[in-house]
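Down below is the structure, laid out as structure tokens.
Hydrogens, waters and symmetry mates play no part in the numbers below; they use all other heavy atoms, side chains included. First the proteins, then the strands, lettered A, B, ... as listed; each starts at 1. Every value quoted in this text rests on a predicted model; they were computed, and no experiment measured them.
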2 protein chains.
Amino acid sequence: MPVPLYQAKAEFFRILGHPVRIRVLELLQGGPMPVRDLLAEIDVEPSSLSQQLAVLRRAGIVSATREGSTVVYELSTSDIADLMRAARRILTEMITSREGLLAELKAAEEEDR
Amino acid sequence: MPVPLYQAKAEFFRILGHPVRIRVLELLQGGPMPVRDLLAEIDVEPSSLSQQLAVLRRAGIVSATREGSTVVYELSTSDIADLMRAARRILTEMITSREGLLAELKAAEEEDR
DNA sequence: CGACCAATTGAAGAATTCTTCAAGTCATCT
DNA sequence: AGATGACTTGAAGAATTCTTCAATTGGTCG
């Protein structure tokens, strides 16, 4: 019996809900990347990055292959990019509409003087 | 100084990472809905649903308006639907590719006999 | 082989998030 | 006003997740 889809969805989003993991996914959108390079871009300690990479790996969102002494990561599916795009659209939408609200409040405040 | 976008993204996904909250968002895609109806669809206690609705409200993802003695919720932005669609695509993709892998493993196992 | 770099793992304590229950608010009805 | 129904809130303990550090694995080089 399969896990209900809404539960799988929740779990999936929960996995994305971490700053380091998001950074990793954003970087991997440009193509496969060795840990070394991820480390250079994301301000975090090696062991900490590894922990988060392990989370993404267990969830099947990224996969790793060893090449000599370095390990290269890549997205399991390029669809991730769409998701990120959708998220960005929502966030900018939410932020600008909230700024709009703030502006209105501020204007109302001015009028009160 | 604004919060870095990747951090806002992580926070946003974290908010989506809960089964009840996902169910709510799915249901609200059909349009505004009173708490009563949400309660009828989602197997959860009233106070528990309220807690999760509060999380979504604080994040600005849904908004509530009181109409008489009932409270009606709705999505703050309809873009949420796109996000859900993208997530569903990724999940089904990941699941089917994993099933493919399982099938291969099973076949290899047969050969071993 | 021994030293060293790259990355991962295990484990423990700290921090966050969930669940639940009792109490509270707001509107409606008699 | 008092009682009832619809939701929400606050708070405490349980459960999860994060962070960090020490130990470990795999590979390369002298």
Query - DNA chain D: 5'-most and 3'-most nucleotides touching chain B, 4.0 angstrom heavy-atom criterion - result: dA6(D) to dA11(D)
Query - Backbone N/O of G60(A) and side chain of S76(A): donor-acceptor pair under 3.5 Å - result: yes
Query raised in the report: Who passes salt bridge (charged side-chain N to carboxylate O under 4.0 Å, His left out) against R85(A), sequence neighbours left out?
Result: D82(A)
Sequence neighbours left out, what passes side-chain hydrogen bond (donor to acceptor under 3.5 Å, both in side chains) with [X]? Give chain and number order.
X      : result
R14(B) : none
R57(B) : Y73(B)
R66(A) : none

Report task. Find out whether I61(B) and V55(B) are in side-chain contact, i.e. whether some heavy atom of one side chain is under 4.5 Å from a heavy atom of the other. Result -> no
**Report entry** Partners passing side-chain contact (heavy atoms from CB on, under 4.5 Å) against T77(B) (at least two apart in sequence or in another chain)
**Finding:** I90(A), E93(A), M94(A), D79(B), I80(B)
Query raised in the report: By ring-ring contact (aromatic ring centres under 6.0 Å, His included), which residues pair with F12(A), not counting sequence neighbours?
Result: none
**Report entry** Atom-pair distance (CD on Q51(A); C1' on dA6(C)), nearest Å
**Finding:** 16 Å
Report summary line: Residues in residues 30-50 of chain A with a heavy atom under 4.0 Å of DNA chain D, by number, are S47(A), S48(A)
Query raised in the report: Between residues 17-27 of chain A and DNA chain D, which residues have a heavy-atom gap below 4.0 Å?
Result: H18(A), R21(A)
**Report entry** Residue pairs passing the side-chain hydrogen bond (donor to acceptor under 3.5 Å, both in side chains) test where at least one lies in residues 43-53 of chain A, sequence neighbours excluded
**Finding:** R21(A)-Q52(A)
Query raised in the report: At what distance, to the nearest 0.5 angstrom, does CG of L28(A) lie from CG of L75(A)?
Result: 5.0 Å
Query raised in the report: To the nearest 0.5 Å, what is the distance between CG (L25(A)) and CG (L83(A))?
Result: 9.0 Å
Query raised in the report: Tell me, which pairs form a salt bridge (charged side-chain N to carboxylate O under 4.0 Å, His left out) where one or both residues lie in residues 28-42 of chain B, sequence neighbours left out?
Result: none
Report summary line: All heavy atoms of P19(A) vs all of A10(B), minimum pair found to be N-CB, 3.4 Å
Query raised in the report: Can you give one letter per nucleotide of nucleotides 24-30 of chain C, 5' to 3': B if a protein heavy atom sits under 4.0 Å from the base, S if only from the sugar-phosphate, - if neither?
Result: --BSS--
**Report entry** Phosphate-side-chain proximity, Y73(A) and dA6(C), N/O vs OP1/OP2 below 4.0 Å
**Finding:** no
